[in-house]
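Here is the structure we will look at, set down as structure tokens.
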Amino acid sequence: MKKRIVYLLCSVVLVISASCSKDKEEVSLVNGEAKISNDTGISFANSTGFSADYVTFKLRHGTGAEKEYGQSLKTYSLTSLEQGPRTIYQVEAFNDGEQISFKSFTYNEDGSKNEVKSTSIIEIKANEVLQIVLEDVE
């Protein structure tokens, strides 16, 4: 009788310890973080108090042809690009299908703002996502 109780307790402890293991979740989280840090491109976001749900913009690399892009601002969006300088222009923001006025900027490493104007040159760095933030016109 005592042997059965001991076996029962051991099996319960084994089941509980196996079900509480989080090794697989931690590994997938680390892989997800590694994937994010390897992305190269551009992403737009709303600043606090500003509401746009879509943005369109054009990019030109050197003397090449221009390409038009769009991003949803309802969730995180990334436009994957190769590294190098680009001219960004004709940036337009929309809320519920209507074009809205805005200012856009990036942050430097020291935390200061750099305004992104209608024809700014931006630098896409390898394994980094350039975040452009949209805010209300003051």
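Start at 1 with the first residue, then count along the sequence. Here the structure is a predicted model, which is why all the values come from computation and not from measurement.
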Verdict with reasoning, Q131 to T106, per side-chain hydrogen bond (donor to acceptor under 3.5 Å, both in side chains): CA-CA 6 Å; Q131 181 80 43; T106 60; over 6 Å; no

Interatomic spacing from CG in N46 to CG in N95 - rounded to 0.5 Å: 8.5 Å

Shortest non-hydrogen separation from I100 to A52 and the atoms involved: CD1-CB, 3.8 Å

V55 with V129, same ILVMFWY side-chain cluster at under 4.5 Å: no

Set of salt bridge (Lys or Arg N to Asp or Glu O under 4.0 Å) partners for E98, sequence neighbours left out: none

Audit row: Y89, V91, side-chain contact (heavy atoms from CB on, under 4.5 Å) steps and yes/no: CA-CA 5 Å; Y89 56 99; V91 181; over 6 Å; no

T119 side, atom OG1; I88 side, atom CD1 - distance, nearest 0.5 Å: 10.5 Å

Aromatic plane relationship, F57 with Y69 - under 30° parallel, 30 to 60° tilted, over 60° perpendicular: parallel

Donor-acceptor pair, side chain of S120 and main chain of I122, under 3.5 angstrom: no

CG on L81 to CD1 on I124, rounded to 0.5 Å: 5.0 Å

Test log, rule side-chain contact (heavy atoms from CB on, under 4.5 Å), inputs T56 and E68: CA-CA 7 Å; T56 62; E68 187 168 353; 4.2 Å; yes

Connected hydrophobic set around F105, excluding itself, where side chains approach under 4.5 Å: Y107, V133

E128-T40 side chain donor-acceptor pair, cut-off 3.5 Å: no

Residue pair N127 / D39, side-chain donor-acceptor N/O under 3.5 Å: no

Side-chain donor/acceptor of D110 to backbone N/O of S112, under 3.5 Å: yes

H61 side chain to G84 backbone, donor-acceptor under 3.5 Å: no

For the student: nearest non-hydrogen atoms of Y76 and S43, plus distance: CE1-OG, 3.5 Å

Pairwise side-chain contact, K113 with E135, heavy-atom cut-off 4.5 Å (strictly under): yes

Separation of S101 OG from L134 CG (nearest 0.5 Å): 12.0 Å

Rounded distance (nearest 0.5 Å) linking atom CG of L130 with atom CZ of R86: 11.0 Å

Minimum-distance pair of heavy atoms, taken over all atoms of L78 and Q71: C-NE2, 3.8 Å

Residues E82 and K125 bridged, charged N to O under 4.0 Å: no

Where L73 and F44 come nearest, the two heavy atoms and their spacing: CD2-O, 3.4 Å

Listed once per pair and sorted, the salt bridge (charged side-chain N to carboxylate O under 4.0 Å, His left out) pairs that draw on residues 48-64, sequence neighbours left out: K58-E66, R60-E66

Closest contact, heavy atoms only, S104 versus I132: CB-CG2, 3.8 Å

Path from F50 to F94 over hydrophobic side-chain contacts below 4.5 Å: no

For the student: nearest non-hydrogen atoms of I121 and P85, plus distance: CG2-CB, 4.3 Å

